[in-house]
Amino acid sequence: MTVPPEELRWTAGFPPVTRERWRELALGVLRRSGVEAASPEEALAFTTHDGVTIAPIYDASDLPGDPGLPGAAPYVRGSRSGGGSWEIRQRHEAADPEAVLADLENGVTSLWLSLQPEDLPRVLERVHLELISVALDAGERTREAAETLFALAAGQAARERRTRPETPAGSGDGGPAAGFLTGTLGADPLRDPETAADLARRCATDFPGLRAAVVDATPYHDAGGGDAEELGCSLAAGVAALRVLTGAGLSEEEAFGQLEFRYAATADQFLTIAKLRAARLLWARVAEVCGVTRNAGQRQHAVTSSAMMTARDPWVNMLRTTLACFAAGTGGADAVTVQPFDARLGLPDAFARRIARNTHSLLLEEAHVARVTDPAGGSYYVERLTRDLAERAWEWFQEIERAGGAGSRAGDDLVARRLAATRERRAEAVAHRRDPITGVSEFPDLAERPLRRPPHPRPVSGVHYAGEFERLRDLADAQPVRPHVFLATIGPVAAHNARTSFAANLFQAGGIATVSGGPLTDPEEIAAAFTASGARVACLCSADRLYGEHAGPVAAALRAAGARRIWLAGRGEYPGVDALLYAGCDALGVLRTTFDDLGVTR
């Protein structure tokens with residue numbers, strides 16, 4: 001590509017942009033907004049729930065150093081040198097052969113089977129195992145599920161030899177003849193070390209495309225942990241798994257080759273991209289310390305977050321999972337699972353599974369996300385965030401190791417306490433709507449028609465960020481008459497509309513309907529409208545200039561009309577007003593108080 005001369009570039013004539021100039025301009029805007037700060041970085045930076053600072057601007061000085069090349073240590077830019085598509089891995093919790101075939105015929109390249117061993121023959125009867133990868137998830141019955149898969153592969157290999165006599169014969173016992181299998185057997189080295197070790201030895205000998213064990217970091221995410229904490233916990237669990245496998249006789253290189261890591265992908269695309277890149281950097285460091293060069297690249301399976309999914313307005317989950325899938329693919333995951341939008345409600349239907357797999361297809365075939373290797377590479381923000389996450393996670397990993405490591409009582413207690421603290425910080429941010437949840441804590445739809453799905457065959461555990469708001473919605477829906485609050489809209493629509501919308505949005509997030517009094521200023525007329533509404537709680541909505549004149553008299557009239565509590569949308573002190581609603585207030589606290597005032601038992 002020929003670079004045009006300076007006078008022909010679109011940037012010609014513009015002065016060079018410097019961080020110092022940005023600071024000067026940003027401070028000016030902040031001061032005009034009434035914000036006093038020593039620097040714009042101090043005023044505009046924020047910290048994630050597990051302590052990683054996100055700056056408002058990044059430049060070349062933030063680059064942490066050479067991230068290497070794709071497919072080469074330290075694998076920040078991906079474990080595969082050639083790039084290419086990720087595996088489209090669809091999860092199945094029900095033994096439904098037709099659903100499995102529909103997925104495979106429409107783009108899915110990998111099956112994640114959370115099934116019992118006896119269900120596998122029926123589900124995989126018409127599946128060509130040499131064409132796809134299989135990830136087993138059978139829990140305590142992992143050994144049985146693995147043996148069933150081996151037998152199915154051996155049967156397919158035998159049939160192939162009968163139909164194509166030129167095919168080389170194997171041992172006939174499910175060994176080399178069935179060695180085309182790829183994927184993972186899903187063993188957990190910490191919960192069942194004997195099974196994990198036995199399967200790892202067998203995979204290392206007979207199934208070079210299979211990995212025996214999974215280091216699953218999603219439970220740490222689902223317990224409320226942050227991204228750096230999820231990474232640190234995965235490192236601790238991965239090192240503990242290495243100890244199990246090498247203790248059972250595998251070499252360090254063989255043990256590294258038997259692990260697949262599973263991470264949560266969220267709708268925060270940059271944190272997800274950086275997390276996956278940081279995970280590979282961290283695992284490469286473990287390999288370096290262990291003296292391992294072969295199999296040092298971490299194999300990753302990214303799953304769209306369960307914690308971020310909502311049961312209310314589940315259609316918004318399509319947007320969340322699309323962002324998460326994009327981030328997982330951009331971040332270099334080897335396999336990606338998009339959870340169907342109705343996953344919170346139970347087993348997905350055919351339409352939800354179709355949308356889940358089509359999410360991959362749109363990103364791969366129309367957006368061409370996989371055509372560029374490490375597309376986020378070189379971004380000042382992503383490169384710095386990758387290194388910051390890695391450094392924070394490594395410190396956390398060392399804390400766990402000093403406590404005894406993953407699987408030890410002291411180590412697990414430390415992890416539980418840390419995750420609980422982060423979970424509380426996140427819950428507070430959700431309650432105050434600093435972490436808004438579209439369709440639930442923001443822009444709820446009280447008229448939505450709930451979807452019904454069959455329950456999941458296994459208990460579903462973990463945190464759901466929207467859970468507290470959704471519990472209040474369920475409570476409101478269960479009442480014979482929907483709870484409602486009267487909005488005393490003072491003055492013309494232009495004066496009260498913004499705060500009316502804000503208050504209505506907040507109350508409706510808990511399933512509480514709102515009734516507006518109309519553009520009135522006379523206290524007696526507003527009180528009469530309140531009485532006619534049948535409400536017992538009121539909220540004043542108007543502009544500050546009108547509150548000074550009307551808030552006190554209107555509050556007095558509402559109290560005389562029987563209002564049990566009077567809120568005001570805005571800030572300030574006004575006679576007769578019990579409490580305030582404003583951006584950043586404890587929305588869950590407001591809703592719970594309102595339920596109590598309305599006599600609804602929580």
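Just so you know, residue 1 is the first one in the sequence shown, and it goes up from there.
Phe270 is linked by a ring pair (Phe, Tyr, Trp, His ring centres under 6.0 Å) to Tyr381, counting only residues two or more places apart in sequence or in another chain. Residues satisfying the ring pair (Phe, Tyr, Trp, His ring centres under 6.0 Å) test with Phe326, not counting sequence neighbours, are none. Under the rule for a side-chain hydrogen bond (donor to acceptor under 3.5 Å, both in side chains), the partners of His92 that lie at least two apart in sequence or sit in another chain are Asp103. Residues passing the ring pair (Phe, Tyr, Trp, His ring centres under 6.0 Å) test with Phe469: none are found, sequence neighbours excluded. With sequence neighbours excluded, no residue satisfies side-chain hydrogen bond (donor to acceptor under 3.5 Å, both in side chains) with Arg392. In this structure Ser33 satisfies the side-chain hydrogen bond (donor to acceptor under 3.5 Å, both in side chains) test with no other residue, sequence neighbours excluded. Shown here are the side-chain hydrogen bond (donor to acceptor under 3.5 Å, both in side chains) partners of Ser305, two or more places apart in sequence or in another chain: His221. Take Tyr263 and apply the ring pair (Phe, Tyr, Trp, His ring centres under 6.0 Å) test, not counting sequence neighbours, and it matches no residue. Partners of Asp349 according to the salt bridge (charged side-chain N to carboxylate O under 4.0 Å, His left out) rule, which considers only residues two or more places apart in sequence or in another chain, are Arg453.
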Could you give the side-chain donor-acceptor pairs of residues 535-547 under 3.5 Å, partners two or more places apart or in another chain?
from	atom 1	to	atom 2	distance (Å)
Arg536	NH2	Leu598	O	2.6
Ser542	OG	Ile490	O	2.8
Asp544	OD1	Arg499	NH1	2.8
Asp544	OD1	Arg499	NH2	3.1
Tyr547	OH	Leu540	O	3.1
Tyr547	OH	Ser542	N	2.9
Tyr547	OH	Ser542	O	3.4
Tyr547	OH	Ala569	O	2.8

Donor-acceptor pairs under 3.5 Å, side chain of residues 395-404 to any protein atom, not counting sequence neighbours: which ones?
from	atom 1	to	atom 2	distance (Å)
Trp396	NE1	Glu229	O	3.4
Glu399	OE1	Arg418	NH2	2.9
Glu399	OE2	Arg418	NH2	3.2
Glu401	OE1	Arg243	NH2	2.7

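For the ring-ring contact (aromatic ring centres under 6.0 Å, His included) condition, the pairs that include at least one residue of residues 511-541, sequence neighbours left out, are Phe486-Phe530.
Aromatic ring pairs are classed by plane angle as parallel below 30°, tilted from 30° to 60° and perpendicular above 60°; the pair His360 and Trp86 is tilted.
Under 4.0 Å is where a charged nitrogen must lie from a carboxylate oxygen, and between Asp62 and Arg387 no such pair does. Under the 4.0 Å criterion applied to side-chain N and carboxylate O atoms, Arg426 and Asp50 are not assigned as salt-bridge partners. A salt bridge does not link Glu470 with Arg473: every distance from a Lys NZ or Arg NE/NH1/NH2 to an Asp or Glu carboxylate oxygen is 4.0 Å or more.
Counting only heavy atoms from C-beta outward, the side chains of Arg482 and Asp477 approach each other to under 4.5 Å. Two residues are said to be in side-chain contact when any heavy atoms from C-beta on lie closer than 4.5 Å; Leu282 and Trp394 meet this criterion. Within the 4.5 Å cutoff, no side-chain heavy atoms of Gln339 are placed close to those of Arg344.
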